[in-house]
Amino acid sequence: MSVEAIVAQGAEHLGVHGLEWTSKELFTYPNEFIYWSIQIVMYPYMTGLVAGAFVLSSLYHVFGQQDLKNMARFSLVFSLALLPVAMMPLQLHLQQPFRGMNVMFTPHFTSAIAAFGIVFSTYAVIVLSEIWFVYRQYFVEQVIALKGREGIKDRFMYYLYIVLTLGAFDTSDKAIAKDKKAVKILAAIGIPVACFLHGYAGFIFGSVKANALWMSPLMPVIFIMSAIVSGIALCMLTYIIIMEWKKWGTIIAKGKGDKSVHVIAGAELDVITKTSRYLLGFLIAAITLELLDLIFRGYTAMKSWDILRSVMYGKDFMNIFVLQYTLGNLVPFILLLMPRLTIKRVFVALVLVLFGVFMMRWNVVIGGQAFSLSFAGYMHYHMPIIPHSLETFKEGLFGALTVAATPFVLFWIINKVTPSFEYK
Amino acid sequence: MSCSRRDLLKNTFKATLASALPLSAFKMLSPAQVKASVGDSNVRWVFLVDTHKCVGCGLCVKACKNENEIPYDLPITRTWVERYVLMKNGQSHIESPSGGRDGYTDTKIRGNDIPADQITKGFFVPKLCNQCKKPACVQVCPVGATYQTRDGVVLVDRTWCIGCGYCIMACPYGMRFFHPVHKVAEKCTFCYHRITKGMKTACVQNCPFEARQIGNLKDPNDPVTKIIMNERVAVLKDEYGTKPQVYYIGLDTNVR
Amino acid sequence: MKNHVLRPLWVVIAGIALLLLVRHFIVPSDFGVQEGGSFTYNFHRESNVEEWEKFKVKYRGMDYCQECHEENVESILESPHAIIQCENCHGPAIDHPDNPEVLAIDTSRDQCLRCHSYLPYPTSQRNEIAGIDPDEHNTDSECIECHNPHNPDLENME
């Protein structure tokens, strides 16, 4: 290679990962950029929602909460739809996305990310088997109903359901009882696995000793707490939407004064009031741990405190204290504690809680890279809005929105095979 | 030779250990296994930087980028030189524009005039991968794409790296980055292709002032080893417990 | 009828078997921890070490230049610039004279200023190098118009 060829490598079309959305201030090392951007914010956020949805469905299957029966089906199928979405941000942020399977081929278990393949697959297997046991009877019924029908769509569905039964056509009471028992056991195993999946997402950050903000043994616990908070909030929110849908359906069918409308509205408020107590409990735990972490850092004032303080109380004050703690924690806290709870008030509080947890993820992931490893400079993240390349799409607003929208599209597709609303 | 007795003791110890090992383990080990268990490599690459000698010409950075095919005009580099200027009022000015690739030719720092009579100390600090004994970057690689060689150098397998960036996050020294062409984690290799052929690294060879030196810590007669053993040297950020193997002469408390 | 409850388990086992089969063909055979290594720091593909050893050398060093350009090397060895490698100004030799056939020499002012722009830094050797203020010292001339890089001292110039 000639000198010219070496120099020509510096052509500007070559992208330095991170250069696009990072601006630097004062002294930072040359190679420092915001390497982990919006997709890594999405990753723990989406995993938290998966865990929450699954835990909710388990409440019915394990603890027999009868009023959650329809909700349990919905949240189980929804957690299946959310499942690939927990993996998607990781896949999207890889520089070599087609090598992602290497994590399964040669797992290096001293790395927190290596366990991801195993933990995630275990969890996926549990969710899929549970759905199989819940819907097996339905699959068999569909096979019988579709047998001998003409039409490409019916033939396709017929064979699809045959495959989905895995050859188990026994629908005797004894067999169904076995299914129910299996669901219960799987749901029980699933709860700790779901919590582990998420606590371990916290470990990925908490174990990075080079990062002064991330390194904390409290990180996994904080992550689990806020995951449960966001999971419960999302499920309550969906529950409200479904119940309101039902209520309006009844109003249209039977008129506003009908007795059943009041029954639905009463039941809805009852469930929401009960669940919001759990939400408040976990919210208090999450905030307490976060504040403990903050106070401890300030009191011990290690070498990194000067720069951490300038980031927290200065540059990221708006994100941390206004958006996360005040708007995302304090306001919903007051809204939920005020007497005479209404569905509208809960709805606003839940949206704020979901936003608060998102801001917490943002402040950990982006905030952890807002200062230089030299402790003598800062970096600022400018999220790409309008994409002009694959990278600015993937690691920009639209990449994040794609990830956020995917579970709903997947749910729509999966729901065609395993209906979670109509099926009684 | 003055070392002969020590060598004799050392070898006796090794032989004793080697013969005791299979007995204590109640199984026979092959000679290769025994050799491996007492450390078969007689090379451990280490680096020595003398910050008094560095004049901030940046020829090392230029040579490194050309030698290792790191796109010359992009703001990433395997090695760099930092400028520290400390003032009488306690203020410190630190910078490393383009990693110091074009040398330091101006007294201004980030556009600010620095009055010469107010300077108490001014010096340059070359940085490169510390090839840690306990590399945090290797520990966190999820796929085994980065590893430590027998002679102590940390390398990246460009065909196996998935580009997750965990190693970049784990390095307390900010040494790693993504290679803009290969799209995998990239780092200083101590010019592995040169040192294994008996050459010096590109940065060492092209430094006119011998501010940079590379040596073998396992060779007691190596000039670098002698300095590390007999003089007062320091390493960067030892609080992270990674046991860095780039030693510095004339390190200052202000060095980051 | 057989117990159907274990059916998902068979699917999982089949999945793991498939993964192991694919893994067998995709993962290079020399991947692993070599003798005496630790899983934490030495888990890798062994042949990658060799690949790095084969990386192309570009800076060949003064001895390589001397093989053909003996006179030029000797001239600089007698000057204070003896400490500077030829390739710092002449560019990396790579496979010169085959490739590249001609080396582009950096004779710019910036190249000289890397060392000879005076910086008043106590505790640094930079302080001791003969230096000029680039904003005042013959600003519109190239250094090599007066100074011979192989024999830079003006008093000794022929």
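Bear in mind the structure is a predicted one, so any value in this text is a computation, not a measurement. Sequence lines set the chain letters: A, B, ... in the order given, protein chains first and strands last, and positions in each chain run from 1.
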Q.
Quick check on the interface: out of B/Thr159, B/Thr189, B/Asp157, who has the most heavy-atom pairs with chain C under 4.5 Å?
A. B/Asp157
Q: Kindly say whether C/Val27 contributes a backbone atom to a donor-acceptor pair with the side chain of B/Trp160 at under 3.5 angstrom?
A: no
Q) Which residues, numbered in order, of residues 96-108 of chain B come under 4.5 angstrom of chain C by heavy-atom distance? A) B/Arg101, B/Asp102, B/Gly103, B/Tyr104, B/Thr105, B/Asp106, B/Thr107
Q: Evaluate whether atom CD of C/Glu145 has more than 12 neighbouring non-hydrogen atoms of other residues, nucleotides or ligands under 6.0 angstrom away.
A: yes
Q | Under 4.5 Å from any heavy atom of chain C - which part of B/Cys54 | A | backbone
Q.
With chain C as the partner, which of B/His52, B/Lys53, B/Gln205 has the greatest number of non-hydrogen pairs under 4.5 Å?
A. B/Gln205
Q) Any residues in residues 60-81 of chain C near chain B, with a heavy-atom distance under 4.5 Å, and which are they? A) C/Arg60, C/Gly61
Q: Looking only at non-hydrogen atoms, find the nearest pair between C/Val57 and B/Lys197 and report the distance.
A: CG2-NZ, 4.1 Å
Q) Is C/Asn88 reaching over with its side chain to a backbone N or O of B/Asn206, donor-acceptor style, under 3.5 angstrom? A) yes
Q | Closest non-hydrogen atom pair, C/Phe55 against B/Arg158 | A | CE1-NH1, 4.3 Å
(Q) Suppose the criterion is side chain to side chain donor-acceptor pair (under 3.5 Å): which pairs have a residue in residues 112-124 of chain B, not counting sequence neighbours? (A) B/Lys121-B/Asp252
Q | Region of B/Val85 that comes under 4.5 Å of a non-hydrogen atom in chain C | A | side chain
Q.
Please output the residues of residues 113-132 of chain C in contact with chain B, using a heavy-atom cutoff of under 4.5 Å, in numerical order.
A. C/Leu113, C/Arg114, C/Cys115, C/Ser117, C/Tyr118, C/Leu119, C/Pro120, C/Tyr121, C/Pro122, C/Thr123, C/Ser124, C/Gln125, C/Arg126, C/Ile129
**Q.** Residue, of B/Gly250, B/Pro135, B/Gly58, B/Ala202, that accumulates the most heavy atom pairs under 4.5 Å with chain C
**A.** B/Pro135
(Q) If we define contacts as heavy-atom pairs under 4.5 Å, which of C/Gln34, C/Glu87, C/Glu51, C/Glu53 has the most with chain B? (A) C/Glu53
Q. Sub-3.5 Å donor-acceptor pair from the side chain of B/Lys134 to the main-chain atoms of C/Tyr41, do we have one?
A. no
Q) So do B/Leu59 and C/Gln111 actually touch side chain to side chain, heavy atoms under 4.5 Å? A) yes
Q) For the residue pair C/Tyr59 and B/Arg194, what are the closest heavy atoms and their distance? A) O-NH1, 2.8 Å
Q: Measure B/Val154 against the heavy atoms of chain C and call it side chain, backbone, both or neither at under 4.5 Å.
A: neither
**Q.** Heavy-atom check, side chain of B/Tyr147 versus side chain of C/Asn48, under 4.5 Å
**A.** yes
Q. Who among B/Gly144, B/Ala211, B/Ala116 has the most heavy-atom pairs with chain C under 4.5 Å?
A. B/Gly144
**Q.** Test item: B/Arg150 side-chain N/O and C/Gly36 main-chain N/O as donor-acceptor pair under 3.5 Å
**A.** no
Q: Check whether C/Glu46 gets within reach of chain B through its side chain, its backbone, both or neither, counting any heavy atom under 4.5 Å.
A: neither
Q. Salt-bridged, B/Glu69 to C/Lys58, with N to O below 4.0 Å?
A. yes
Q: Answer yes or no: is there a donor N or O on one side and an acceptor on the other, between the side chain of C/Asn42 and the main chain of B/Gln148, under 3.5 Å?
A: yes
Q | Largest heavy-atom contact set with chain C, pairs under 4.5 Å, which of B/His193, B/Lys62, B/Glu210, B/Met199 | A | B/His193
